[in-house]
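What you see below is based on every heavy atom in this structure, not just the backbone, and it leaves out hydrogens, waters and symmetry mates. In what follows, chains carry the letters A, B, and so on, assigned in the order in which the sequence lines appear, proteins first and then strands, with residues in each chain numbered from 1. Quick caveat: nothing in here was measured; it's all calculated off a predicted structure.
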Amino acid sequence: MPRQPSPSASLIEMPSAAWKRSLARRLLAWFRRHRRDLPWRQSRDPYRIWISEIMLQQTQVATVVPYFNRFLEAFPTIEALAAADEHEVLRLWEGLGYYRRARGMHEAARQMVARFDGHFPTTLAEIGSLPGIGRYTAGAIASIAYDAQAPILEANTVRLLSRLVAFDGDPASGPGQKQLWALAEEILPRRGCGDFNQALMELGSLVCTPKAPDCLACCLAPLCAARAQGRQQEIPRRATRVAIEAVREASVVVWHGGKVFLRKRAAGERWAGLWDFPRFPLEAESAPAARRELSQKVREQTGLAIAGTRHFATLKHGVTRFRITLDCYAATSRGAKSRLAGGQSQWIEPAGLERLALSVTGRKLSRMLDDPAARSPWRASV
DNA sequence: AATACGGGGCG
DNA sequence: CGCCCAGTATT
């Protein structure tokens with residue numbers, strides 16, 4: 001049995017050739033038996049691999065599967081994606097979160113048409129030059145689609161590699177990242193790097209789990225330094241979480257003649273490119289103060305003058321480090337003239353909201369519009 | 001190095 | 001509820 005590379009250290013010692021051979025042999029044998037049959041594993045089409053990798057950023061496999069299938073049906077090729085409207089792409093992305101990924105992917109497809117004659121680029125550097133593709137994603141695509149000898153490092157492999165060598169340092173720090181990337185590169189086999197990288201992630205995801213790693217079922221247990229030291233629970237070191245901040249916001253369904261008002265979120269804003277009801281932080285404590293604040297802020301954000309404001313629901317949700325309490329109001333606008341630029345706002349019948357890309361809370365709100373409570377008590381001034 | 005960016009899965 | 005997730009771009 002090859003000896004473990006380091007007893008315990010915040011400096012990672014590179015493993016021996018014998019240890020690396022054992023690692024690759026064990027890992028690939030395990031992967032052949034336990035490889036999940038995921039939709040993006042049915043081919044080595046770099047386009048499909050790319051879509052899956054972008055969707056999988058900070059998003060679990062089970063969540064991605066249905067989105068991946070719908071997306072590929074709508075945009076089966078680079079050309080189809082490049083030719084789409086950004087809004088169509090966002091509509092299919094709705095609910096997946098991190099919408100920058102969808103915008104970046106659309107832009108990347110356009111760049112592939114412009115820069116690479118509509119083909120997916122083939123070198124690691126070219127792949128990594130596209131928007132939304134960092135070091136991990138470039139390595140994943142290059143190795144999985146082209147079998148390039150490119151390393152990857154993400155949540156699963158950080159955990160797995162840290163445990164394998166009993167890495168004591170902070171894996172999120174600069175020095176920790178540098179060493180883990182070096183290890184990820186060092187252990188790559190000469191061939192079969194796509195399977196090797198996927199196997200690392202798969203084992204990290206299914207066996208070498210964060211809370212209770214199943215070392216008894218792990219094909220790498222004999223090579224694992226953390227396991228040998230009984231420290232698999234405490235490695236890797238946990239990141240210190242940023243404090244969650246409570247925030248209160250309001251959304252207002254503004255009615256006019258049977259239609260509701262939506263604005264398109266501007267670039268640089270949260271949910272850029274998505275449609276939304278007028279929405280803003282709400283400070284007021286009392287109902288009358290809230291009514292005044294809503295009128296003022298709706299006017300600031302849209303130019304519309306509202307009346308008959310009524311609270312009809314409260315939604316709670318999280319956005320990154322914020323815990324948002326969203327108070328939902330209905331109101332009526334006296335006029336239809338907003339001060340937003342053309343294309344940045346619209347009056348639309350509730351049924352038409354199905355076509356628009358909304359945030360998850362926007363979608364929940366839109367589903368309530370049949371409820372009489374979500375109508376303003378004031379008659380629309382048609 | 002820290003922060004913004006969403007939402008859901010799961011114990 | 002809290003923790004975690006096939007990260008990237010920006011500051």
Side-chain angles (χ1 to χ4, degrees), chain A residues 36 38-41 49-68 90 93-105 107-108 127-144 150-161 170-178 181 184 194 196-206 208-213 236 238-247 265 267-274 276 315-324 326 357-364:
Chain A
R36 285 173 291 182
L38 300 170
W40 46 89
R41 286 182 173 163
I49 307 290
W50 169 54
I51 304 293
S52 75
E53 288 300 338
I54 300 294
M55 288 186 170
L56 285 161
Q57 288 170 5
Q58 295 290 284
T59 310
Q60 298 182 133
V61 168
T63 306
V64 165
V65 169
Y67 281 90
F68 178 85
L90 287 170
W93 205 268
E94 186 185 299
L96 207 47
Y98 287 122
Y99 298 92
R100 169 182 301 163
R101 295 182 292 175
R103 299 191 301 270
M105 171 178 283
E107 169 60 21
I127 295 169
S129 75
L130 293 165
I133 300 185
R135 188 171 179 189
Y136 160 75
T137 304
I141 296 170
S143 63
I144 297 170
I152 58 160
L153 190 67
E154 41 64 75
N156 293 301
T157 45
V158 164
R159 191 171 56 248
L160 182 68
L161 297 184
D170 175 3
S173 70
Q177 285 279 303
K178 188 168 155 92
W181 272 107
F196 182 84
N197 283 338
Q198 290 185 84
L200 286 174
M201 293 189 279
E202 197 90 329
L203 188 64
S205 170
L206 300 178
C208 193
T209 51
K211 294 281 184 58
R238 306 286 251 259
T240 54
R241 293 276 156 192
V242 294
I244 300 299
E245 187 180 333
V247 171
R265 290 246 174 191
E269 269 192 302
R270 198 160 74 199
W271 295 307
L274 301 189
D276 201 7
L315 301 176
K316 293 179 186 300
H317 72 114
V319 176
T320 61
R321 51 176 281 262
F322 301 102
R323 179 72 196 160
I324 300 177
L326 179 67
L358 307 177
S359 67
V360 164
T361 44
R363 182 62 65 196
K364 284 180 182 164

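- For Q58(A), the side chain to side chain contact (heavy atoms under 4.5 Å, CB included) partners two or more places apart in sequence, or in a different chain, are Y98(A).
- Within 4.0 Å (heavy atoms only), R41(A) reaches at least one base atom of the nucleic acid.
- Here dG7(C) presents its P atom at 11 Å from CD1 of I54(A), a figure rounded to the nearest Å.
- In this structure, the CD atom of E107(A) is 12 Å from the P atom of dA9(C), given to the nearest Å.
- Here G104(A) lies out of heavy-atom contact (under 4.0 Å) with every strand.
- Applying the side-chain hydrogen bond (donor to acceptor under 3.5 Å, both in side chains) rule to R36(A) yields the partners E202(A); only residues at least two apart in sequence or on another chain are considered.
- Within the 4.0 angstrom heavy-atom criterion, only backbone atoms of the sugar-phosphate kind lie near T137(A); the bases stay farther away.
- At the heavy-atom level, A140(A) lies nowhere under 4.0 Å from the strands shown.
- The nearest whole Å value for the distance from the CD1 atom in I133(A) to the C1' atom in dT8(C) is 11 Å.
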What is the per-nucleotide protein-contact pattern of nucleotides 3-11 of chain B, from the 5' end, where B denotes a base atom under 4.0 Å from a protein heavy atom, S denotes such proximity for sugar-phosphate atoms only, and - denotes neither?
-SBBBBS--
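- Residue T137(A) holds its OG1 atom at 11.0 Å from CG of L130(A), rounded to the nearest 0.5 Å.
- Partners of S143(A) by side chain to side chain contact (heavy atoms under 4.5 Å, CB included), not counting sequence neighbours, listed by chain and number: C193(A), N197(A).
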Determine which bases of DNA chain C form Watson-Crick or G-U wobble pairs with both distances under 3.5 Å, and write the result as a 5' to 3' dot-bracket string with | for other-strand partners.
|||||.|||||
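- Among the atoms of the strands shown, none is found under 4.0 Å from any heavy atom of R363(A).
- Qualifying ring-ring contact (aromatic ring centres under 6.0 Å, His included) partners for W40(A), counting only residues two or more places apart in sequence or in other chains: F68(A).
- Within 4.0 Å (heavy atoms only), W40(A) reaches at least one base atom of the nucleic acid.
- Here the separation of dA6(C) from dT3(B), taken at their P atoms, is 24 Å to the nearest Å.
- Summary of the strand contacts: P131(A) and P210(A) both lie near DNA chain C, and taking for each the nucleotide with the nearest heavy atom, the more 5' one is attributed to P210(A).
- Atom CG in N197(A) sits roughly 13 Å away from atom P in dG7(C) (whole-Å rounding).
- Shown here are the salt bridge (Lys or Arg N to Asp or Glu O under 4.0 Å) partners of E107(A), two or more places apart in sequence or in another chain: there are none.
- Between the P atoms of dG6(B) and dT10(C), the separation comes to 14 Å (whole Å).
- With contacts defined as side-chain heavy-atom distances shorter than 4.5 Å, the pair L153(A)/L161(A) qualifies.
- Rounded to an integer number of Å, the gap from CD of E202(A) to C1' of dA6(C) is 10 Å.
- Under the side chain to side chain contact (heavy atoms under 4.5 Å, CB included) criterion, K211(A) pairs with R238(A), not counting sequence neighbours.
- No hydrogens or angles considered: nothing links the side chains of R265(A) and S359(A) as a donor-acceptor pair under 3.5 Å.
- At whole-Å resolution of the value, CD1 in I152(A) and P in dA6(C) are 11 Å apart.
- To the nearest angstrom, P of dA6(C) lies 7 Å from CD of E154(A).
- Both R36(A) and G132(A) lie near DNA chain C, and the one whose nearest nucleotide falls closer to the 5' end is R36(A).
- In this structure, R323(A) atom CZ and dG2(C) atom P are separated by 9 Å, rounded to whole Å.
- In this structure, the side chain to side chain contact (heavy atoms under 4.5 Å, CB included) partners of R100(A), at least two apart in sequence or on a different chain, are R103(A).
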